[in-house]
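Inspection log for the structure reproduced underneath, given as structure tokens.
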Amino acid sequence: MDTSELSRQFADRYGDTGNSVRAFYAPGRVNLIGDHTDYNGGLVFPCAINFGTTLLIRPTLKKAIQLASTNFDLVAVLSKDQANQKYGDHWINYPLGVVQQFEKAGLDIGGFECLFSGNVPNGAGLSSSASVSVVTAYALNELFGCGLDDITLVRMAQSAENDFVGVQCGIMDQYAVTMGQSDHAMMLDCDTLACEQVPLLLDGHAIVLINSNQRRELSESKYNERVDETRLALEKLSQIVSATTLAQISPAQLADNRLVLAESPNAYKRARHVVSEHDRVKRAVEALRNNDLQSFGTLMYESHTSLREDYNVSSEPLDALVDIARDTEGVLGARLTGAGFGGCTVNLVRKNAVQSLLSNVERHYKQRTGLTANSYEITPSDGVREVSS
Ligand code: GLA
């Protein structure tokens, strides 16, 4: 929805108080390679995408918070005290979690009324939630003059998901939607937060996302289970290898010390994914720098196999989409992206082969899974910002 239409809806809902309404925007993100490495101190390689969340917001004299969205029916009017409690399983928890972070930090934010509108598909692994949390954090910081820097806002948005929503996510999503740059993907070291913006020179190729439209069930609890399994792996391995994160352990060291995990076969497999995926990100970025998209694509396929076999976060629909991609001439690589358990695949495709990929998906996906997929060709985009209202 364009901002002028959104402004009209804002005025219809909240009236005209004379106070000016400000508009902010945060994108979603796609991770090109490096999944489930972020909370293990590893490398990731995401870019912000040209889908996102717009937020119109205005301060009010009352201490209340009013939240509405053009995407959902639920509207909430809460006093500051009520804003400290989780609101069922609703989208409202993302902005509320952020408000709570500001309060925890002792920052005095006043009341406000706001309207969200987003076009990042929900539950598709494209960080619709980080887009909402980050745009909220950024807007509150600007609106109430808190003077926080971007990294602090990234961490607050992440903590909002960890502490309030209850997902033990890493920092990748909030970082990517904040720091995105058009035509670049970022290689982020999630341990040190050292980040390199790498030009995405795609040279006649496209990044195509295919949404499996598979309903994600229990994805939050399964995600947290993976976090625990990797913690267990690190706890045991760090008794004999000097490491504070799994990503500091090399694939060879893991193989040499596998006996320490003999009684925890799952933890061993999870660790094997993390150390190999961390290494794949390095190699993929190197390939990109050498203009070797073929190798980049091969690493994407390897990443998918590792996520499927060792991390067990793929699903039949996602595997079907990757198989179809593999069988299509002109697709260089494909993998699930984000947490998994449903959501999207990301595909690196020769521009003149995009149509045949989409036709093959149309022809075979429904037959194999009973589901209908849809697709988006994305462009790497800029991160969170104020826009004109
Ligand atoms: C989700 C989390 C991220 C990251 C990915 C998997 O998107 O929010 O922190 O762990 O899954 O790479």
Side-chain angles (χ1 to χ4, degrees), residues 26-49 51 93-94 97-98 120-134 137 154-180 185-191 193 195 209 211-212 216 218-231 234 245-247 270-271 273-278 280-281 284 299-300 303-304 306-308 310-315 318 335-346:
R29 67 98 189 90
V30 60
N31 191 21
L32 301 177
I33 192 160
D35 272 310
H36 293 282
T37 45
D38 62 349
Y39 53 87
N40 287 299
L43 292 168
V44 293
F45 194 50
C47 64
I49 58 176
F51 292 81
N93 289 320
Y94 294 99
V98 170
V120 185
N122 284 323
L126 303 179
S127 291
S128 56
S129 51
S131 173
V132 169
S133 314
V134 165
V154 166
R155 288 196 193 281
M156 285 167 86
Q158 182 197 6
S159 300
E161 286 210 38
N162 293 163
D163 303 347
F164 199 79
V165 180
V167 179
Q168 297 310 311
C169 65
I171 201 165
M172 166 172 71
D173 303 349
Q174 295 78 10
Y175 191 98
V177 310
T178 303
M179 304 295 190
M186 55 217 108
M187 180 166 70
L188 173 68
D189 179 323
C190 297
D191 189 24
L193 294 193
C195 176
L209 306 181
N211 192 341
S212 67
R216 299 202 294 180
L218 297 175
S219 58
E220 292 182 0
S221 58
K222 287 188 202 153
Y223 183 94
N224 288 345
E225 190 181 288
R226 295 296 178 279
V227 175
D228 290 343
E229 287 166 335
T230 51
R231 278 191 190 140
L234 176 64
T245 69
L246 271 188
R270 310 304 184 231
H273 165 73
V274 172
V275 302
S276 65
E277 185 80 348
H278 175 72
R280 273 187 290 276
V281 177
L299 288 160
M300 289 172 81
S303 166
H304 184 79
S306 178
L307 287 161
R308 185 187 66 214
D310 278 349
Y311 224 68
N312 297 131
V313 293
S314 190
S315 62
L318 288 169
R335 58 187 288 279
L336 70 84
T337 183
F341 313 110
C344 285
T345 59
V346 53

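Whatever order the structure lists ligands and atoms in, that order sets their numbers, starting from 1.
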message: Please tell me whether S306 and H273 have a donor and an acceptor in their side chains that are separated by less than 3.5 angstrom.
response: yes
- line: From the list M187, R280, H304, side chain to side chain contact (heavy atoms under 4.5 Å, CB included) with I33 holds only for R280
- line: Hits for side-chain hydrogen bond (donor to acceptor under 3.5 Å, both in side chains) against N93, two or more places apart or cross-chain, chain-then-number order -> none
field: Neighbouring residues of ligand 1, heavy-atom cut-off under 4.0 Å
entry: R29, D35, H36, D38, Y39, C169, G170, M172, D173, Y223, G338, A339
field: Shortest non-hydrogen contact from Y223 toward D38
entry: OH-OD1, 4.3 Å
Minimal non-hydrogen separation, N224 against G166, with atom names: ND2-O, 3.0 Å
field: Test applied, side-chain hydrogen bond (donor to acceptor under 3.5 Å, both in side chains); reference residue, N312; option that passes from R226, K222, R270
entry: R270
